[in-house]
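Remember, it's 1-based here, ligands and their atoms both numbered in the order they're listed.
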Amino acid sequence: MAVVGAGPIGLAIAWRCAARGLRVVVHDPAPGSGASAVAAGMLAPVAEAYFGERQLTELLLASAARWPTFAAELTEATGADIGYRTEGTLMVGLTGDDLAEAGRLWAYQQGLGLPVTRLRPTELRDREPALAPRVRGGALAPTDHQVDPRLLLPALRTAAQRAGAVLVPHAVRHLSDVHARVTVVAAGCGAAALTGLPVRPVKGQVLRLRAPDGVAPGFRHVIRGYADGEPVYLVPRADGEVVLGATVEERSDTTVTVGAVQRLLRAGVDLLPELAEYDLVEATAGLRPGTPDNAPILGPLPGRPDVLAATGHHRHGIVLTPITADLIADLVLTGVPDPLLASFPPDRFVGAADGGGPEPTMEGDRWS
Ligand SMILES: Cc1cc2nc3c(=O)[nH]c(=O)nc-3n(C[C@H](O)[C@H](O)[C@H](O)COP(=O)(O)OP(=O)(O)OC[C@H]3O[C@@H](n4cnc5c(N)ncnc54)[C@H](O)[C@@H]3O)c2cc1C
């Protein structure tokens, strides 16, 4: 079989398929150079359970449940630390208006039966004393975890190669150039040109900060919140790094703009004043592979049972890596689609008047 794209999705599929005995060739001129190179790595099916996305939420929850085993297997296969951390996520609102906005979402998430516990300001600061005294309230999502994509990608590559997958360093221009019984298109934003599927780039600018003197950041949870209407997240790593993100822009360039950096820094420092003393070490932008309904595209192309799409993971490609790899590997090996795939077929966009399928949802209040 062939896999086009060596991001988290393509590499994990290659690993799972090669480990089950298939001969796998992965095509990518620059493995790991896509959206995952800037991604924060939040595994946040609860905090990212949004109105009107029930099926996607179920897939996110199912994939997050596979993460502990997936991480353990990957570490066993490679010996690599992938920065998998389970302290949980604190969701906060800086002002009364921010809290009201976030509270609507928390109530929705609680209504789905998800583990979201409202916390008063004192309870928040008991958990994270570094939070600004101005923070008006929040909620804990203890099962929303994190991994470091910059550690995950090399580990996936090693695991795939150790299982026997071969990486070929060139781009695929046409699917007809790939000769394999089954081809999996896992090329992120590159999938659109290869397949015609409605995958569009959604730009995200993100900053990387570093605690002074090489110490760990002064907070342990992932912190997500609104600060004066600005959605922002802060992801602490054990080595002192903090990922501060991210914008959500309907653009395909990867320039970093002064306005975005200013807004992210202001929101981050408003929530955690100690960040003002941190080093600003990187400002980057990546392109999320977005789809019209924000959900991934998984399964055979219409009329092409030999070409499987595994793309369109948008803001969720890291959390969705384990389930995507398992479902696509099962499909390749057995030819039988798992029922979980039924909600995400490529042909759900066929015939839509604008070629784009369902109406896009509002994205202005999203984080990752
Ligand atoms: C700012 C930001 C923050 C994010 N935060 C999170 C987060 O916290 N949690 C989360 O779950 N997700 C997050 N994401 C989303 C996540 O990064 C993506 O969903 C994920 O990387 C998609 O994986 P992928 O393998 O499909 O694509 P990519 O990671 O984009 O990789 C695609 C690969 O395909 C290759 N390729 C492209 N075209 C071709 C071609 N024609 N031939 C050969 N190879 C090709 C590229 O070189 C690349 O290596 C974030 C994304 C951004 C931008």
Can an N or O of [X] be found at a distance shorter than 3.5 Å from an N or O of ligand 1?
X: H170; value: no
X: G317; value: yes
X: I9; value: yes
X: V172; value: yes
X: M42; value: yes
X: I318; value: yes
X: A40; value: yes
X: V319; value: yes
X: R315; value: yes

Determine, for [X] against [Y], whether the closest basic-nitrogen to carboxylate-oxygen distance falls under 4.0 angstrom.
X: R66; Y: E73; value: no
X: E282; Y: R150; value: yes
X: D330; Y: R16; value: no
X: D293; Y: R348; value: yes
X: E48; Y: R315; value: yes

Any idea which atoms of ligand 1 are less than 4.0 Å away from a heavy-atom of [X]?
X: H314; answer: 15 (C), 16 (C), 18 (C), 19 (O)
X: P8; answer: 21 (O), 23 (O), 25 (O), 29 (O)
X: H313; answer: 19 (O)
X: G188; answer: 26 (O), 27 (O), 32 (C)
X: Y233; answer: 3 (C)
X: G190; answer: 38 (N)
X: G32; answer: 49 (O)
X: A35; answer: 17 (O), 18 (C), 21 (O), 28 (P), 29 (O), 30 (O)

### Nearest candidate to atom 37 (C) of ligand 1, where distance is taken over non-hydrogen atoms, out of P169, A186, A187
A187
### Query
Is I13 linked to L340 within one hydrophobic cluster, defined over Ile, Leu, Val, Met, Phe, Trp and Tyr using a side-chain heavy-atom separation of less than 4.5 Å?
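Result: yes, single cluster for both.
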### Query
Where the side chain of R85 meets the backbone of D148, is there a donor-acceptor pair that is under 3.5 Å apart?
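It does not hold such a pair.
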### Query
Checking side chain to side chain contact (heavy atoms under 4.5 Å, CB included) for the pair F219/E87: CA distance, chi angles, key distance, verdict?
CA-CA 10 Å; F219 59 104; E87 287 93 337; over 6 Å; no
#### Entry: Contact list for residues 108-122, test salt bridge (charged side-chain N to carboxylate O under 4.0 Å, His left out), sequence neighbours left out
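Of all non-adjacent pairs touching residues 108-122, those that pass salt bridge (charged side-chain N to carboxylate O under 4.0 Å, His left out) are R120-E123.
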For ligand 1, is [X] a contact, meaning one of its heavy atoms is under 4.0 Å away?
X: D28; answer: yes
X: A44; answer: no
X: G41; answer: yes

### Query
Parallel, tilted or perpendicular: which describes the rings of Y84 and W67, with under 30° parallel and over 60° perpendicular?
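Parallel: the ring planes of Y84 and W67 meet at under 30°.
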### Query
Sequence neighbours excluded, which residues qualify as side chain to side chain donor-acceptor pair (under 3.5 Å) partners of Q110?
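With neighbours one apart ignored, the set is empty.
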### Query
What pair of heavy atoms forms the shortest contact from S63 to T321, and how long is it?
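What the structure gives for the nearest pair is OG-N, 4.2 Å.
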### Query
Should the heavy atoms of other residues, nucleotides or ligands under 6.0 Å from CG of D213 be counted, would the total exceed 12?
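Count not over threshold, so no.
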### Message
For A285, which part has a heavy atom under 4.0 Å from ligand 1: side chain, backbone, both, or neither?
### Response
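It is neither; nothing of A285 touches ligand 1.
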